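All remarks here apply to the structure that follows.
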Amino acid sequence: MADPKGFLTTGREVAETRPVAERVKDWNEVYVPGSLLPIISKQAGRCMDCGIPFCHNGCPLGNLIPEWNDYAYREDWSAASERLHATNNFPEFTGRLCPAPCEAACVLGISQPAVTIKNVEVSIIDKAWDSGDVTPQPPERLSGKTVAVIGSGPAGLAAAQQLTRAGHTVAVFERADRIGGLLRYGIPEFKMEKVHINRRIEQMRAEGTKFRTEVEIGRDIDAAALRRRYDAVVIAAGATVSRDLPVPGRELAGIHYAMEYLPLANKVQEGDFVAPPITAEGKHVVVIGGGDTGADCVGTAHRQGAASVTQLEIMPRPGEERSTGQPWPTFPMLYKVTSAHEETTELARMRSDGASEQGPSCPPGGKEGRVYSVSTTHFEGDEDGNVQALHLVEVEFVDGKFTPKPGTERRIPAQLVTLAMGFTGIDQSNGLVEQFGLELDGRGNVARDADFATNVDGVFVAGDAGRGQSLIVWAIAEGRSAARGVDRFLTGASDLPAPIRPTDRALTV
C-alpha cells in the first residue's frame, strides 16, 4: 500500500486548467503544462490498495491501478510505466479522453471523492515519454503470416500493435489522409494534442507495422482482393454513420453533422486550411446532443469566435450525486461540467461585464448554454436557404416516449447547427459489408463469435463496428482481445491477452 493514511489525510486534487480568456485563443490542451507532477504522488497515495479493487472491474482493460498508483506514489516512474503498459497500449489516449469508469468504481468513492486515476495515468505516461521509457518493441521473429487491419482508430491500432509484436506482418488501412481515425479528426486539439498520436504511430512503424492512408476498403480495394493478399483481416472501421434529425428545414445550409464540422477544425491545426470551410465565427451556434461530442463542438465554436453557443439535450438534467437507482460501482449518469461548458459560462460573464468585446453573448440556454428536456420541432431559414433559427419544445418522458408539453414552444437564433446525437452503426455505403458478406446483429453491428471472428473465415471485427458506439477504453480492449483471436487463428494458439469477451458490457443499471 502506498500511503496507509493517504485517503484520510489527502483530499482529491485535479489538474489545473488555464484561464478561459487565454485558452480559447489557441488550440492547446486546456490544462496548465506540468501542473500535475507536483501533486500526483500524494494523489496516488490516496489509493487504498483494496483487497478487492473494483476499479479493475470498472475498467474493461483490467488496468493494474493499485500497482501503478503505488509506484507513482514512490515516484518509481519506470516501474509505473511498465505496469501501465502491461494492460493498455495507449494510456496517453485513455488518460486524456476516457470518462474514467474506473473512478466510478473506486472503493474510496463510496464515501469520499474517488482517487484521480485518470490524472495518475496520464502523469505516468507523460513522464515515461519524457524519460525515454517508451521504446519500440519489435518481434524477435516473424511468423510469415500477414494481417490487414481496416481502420486506424484505437481498436485498429491496438489490434495492429499486438499482432505486430506477436510476429505477424500487419498493414493498417485508413480511408482518411492521416492515421488516427476519430482520435485524429473527431477529438479537438484542446482535448488531446495530436503529438500523442504521432509519436505512437512512429513507435508502431519502428516495430514493423505498415500504414496505408487514403485507401477505403470496398471502394479503392475490394474485399476479395484484400482476402487474397492477407491471411487474416481485422475490421475496425468504427460505427461512423451519424444519427440524423429528420425534421422540417433539415435541408437548410448551415446544418451539419458533428463529424462534418469537427474534422475541418482539426485540419486547420494540421495545416491543411488557413480557415475552416465550416466556421462558427460571429454566428449563433446550436449544438444538438448533450454528450461528449456535443461538448467538443461547443469548445470548437468558442475557439472560432462564435457569438453564442447553446447545447440542446432531449434527456432531463442529470443529478450531481448518485441516485439510489445508480448505486456504486455502476457508472452513473451525473451532471458534469466539461472545460467547454466552463468556457461558455466564463465567456458570457466576460461579455456581460464588458471585460471582453470579443466574448460571445449569453446564449439562449443561459450562461452555461445547456437546455435539457427539449426537442427540435423544425428549422427556419432565410430567403437564401441558410438556417437562421431553431424551434424547440419542452418534452417529458411518458409511457416510454418523449411527449411535447403544450405551450412550451420557443424559437432561438441559429446560423450554425451541429448534430451530435451519436452514431447508428458501421458505414455500409462503401460496399465493405456487402463485399465481405458479413452478417449483422439486431443492432446493425457486425456479428462475431467468442474469438471476435465474423461469419467469414479469417475475418475478424473489433471496436465500435462490432460493439456499437462505445468508449475509447472499450475500443482498445476490443482491439487487444480480437488480436488474440487472430493470433490463435493464424498459429493455433496464442499468448496474447484478451481482457474482454464480445458479449461483455459496462456495469450499468
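Not measured: the values here are computed from a predicted model.
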Fill in the blank from the handout: The salt bridge (charged side-chain N to carboxylate O under 4.0 Å, His left out) partners of Glu214 (sequence neighbours excluded) come to none

Problem - Side chain proximity check, Asp177 to Tyr185, heavy atoms < 4.5 angstrom - result: yes

Exercise for the section: Just grab all the salt bridge (charged side-chain N to carboxylate O under 4.0 Å, His left out) pairs involving residues 96-108, residues at least two apart or on different chains. Expected result: Arg12-Glu103, Glu29-Arg96, Arg96-Asp126

Handout entry: More than 12 heavy atoms from other groups under 6.0 Å of OH on Tyr31
Key = no

Practice task
Without swapping roles, check the side chain of Arg370 against the backbone of Glu313 for a donor-acceptor pair under 3.5 Å.
Solution key: no

Problem - Contacts of type salt bridge (charged side-chain N to carboxylate O under 4.0 Å, His left out), residue Arg212, not counting sequence neighbours - result: none

Completion exercise
With sequence neighbours left out, the residues meeting salt bridge (charged side-chain N to carboxylate O under 4.0 Å, His left out) with Glu321 are none

Handout entry: Other residues, nucleotides, ligands: >12 heavy atoms within 6.0 Å of Met259 CE
Key = yes

Completion exercise
Rounding to 0.5 Å, atoms CD (Glu260) and CD1 (Ile278) come to a distance of 6.0 Å

Problem - Distance-only side-chain donor-acceptor flag, His341 / Thr338, under 3.5 Å - result: yes

Handout entry: Test side chain to side chain contact (heavy atoms under 4.5 Å, CB included) applied to Ala477 - qualifying residues, sequence neighbours left out
Key = Pro60, Leu61, Pro499, Ile500

Handout entry: Heavy-atom closest pair, residues Ala295 and Ala340
Key = O-CB, 3.3 Å

Problem - Pairs meeting criterion side chain to side chain donor-acceptor pair (under 3.5 Å) with involvement of residues 399-415, two or more places apart - result: Glu380-Arg411

Problem - Heavy atoms of other groups near Glu281 CD, more than 12 under 6.0 Å - result: no

Fill in the blank from the handout: Sequence neighbours excluded, the answer for salt bridge (charged side-chain N to carboxylate O under 4.0 Å, His left out) partners of Asp220 is none

Practice task
Please identify each residue that fulfils side chain to side chain contact (heavy atoms under 4.5 Å, CB included) with Phe397, with sequence neighbours left out.
Solution key: Phe402

Practice task
Check the angle between the aromatic planes of Phe54 and Trp328 and answer parallel, tilted or perpendicular using the 30° and 60° thresholds.
Solution key: tilted

Handout entry: From Ile187 atom CD1 to Phe93 atom CZ, the distance as rounded to the nearest 0.5 Å
Key = 11.0 Å

Handout entry: Distance, nearest 0.5 Å, that separates CG of Leu245 from CG of Leu419
Key = 6.0 Å

Per-pair distances, 0.1 Å, donor-acceptor, side chain in residues 424-438, under 3.5 Å, sequence neighbours excluded:
unit_1, atom_1, unit_2, atom_2, d
Thr424, OG1, Val241, O, 3.3
Asp427, OD1, Ser429, N, 2.9
Asp427, OD1, Ser429, OG, 2.7
Asp427, OD2, Arg175, NH1, 3.1
Asp427, OD2, Ser429, OG, 3.4
Asn430, OD1, Leu432, N, 3.0
Asn430, ND2, Glu216, OE2, 3.0
Gln435, OE1, Ala223, N, 2.9
Gln435, NE2, Gly218, O, 2.8

Problem - salt bridge (charged side-chain N to carboxylate O under 4.0 Å, His left out): pairs with one or both residues in residues 461-476, sequence neighbours excluded - result: Arg467-Glu478

Handout entry: Student check: side-chain heavy atoms of Asn28 and Arg18 closer than 4.5 Å
Key = yes

Handout entry: Whether over 12 other heavy atoms sit under 6.0 Å from Arg501 CZ
Key = no

Problem - Test item: Gln304 and Tyr261 side chains (from C-beta on) under 4.5 Å apart, heavy atoms - result: yes

Completion exercise
To the nearest 0.5 Å, atom CZ of Phe190 lies from atom CG of Asp26 at 11.0 Å

Exercise for the section: With sequence neighbours excluded, give me every side chain to side chain donor-acceptor pair (under 3.5 Å) pair touching residues 151-162. Expected result: Asn89-Gln161, Asn89-Gln162, Ser152-Glu174, Gln161-Gln203, Gln161-Glu207

Practice task
Supply the atom-to-atom distance Leu390 CG to Thr377 OG1, rounded to the nearest 0.5 angstrom.
Solution key: 7.0 Å

Donor-acceptor list for residues 104-120 side chains, cut-off 3.5 Å, not counting sequence neighbours:
unit_1, atom_1, unit_2, atom_2, d
Gln112, NE2, Phe7, O, 3.3
Lys118, NZ, Cys98, O, 2.8
Asn119, OD1, Ala15, N, 3.1

Practice task
Please confirm whether Arg317 makes a cation-pi placement over Tyr335, using NZ or CZ under 6.0 Å from the six-membered ring centre and within 45° of the ring normal.
Solution key: yes

Exercise for the section: Identify whether NZ of Lys or CZ of Arg in Arg200 sits under 6.0 Å from the centre of the six-membered ring of Phe90 and within 45° of that ring's axis. Expected result: no

Practice task
Could you tell me whether Arg443 atom CZ has more than 12 heavy atoms of other residues or ligands within 6.0 Å of it?
Solution key: no

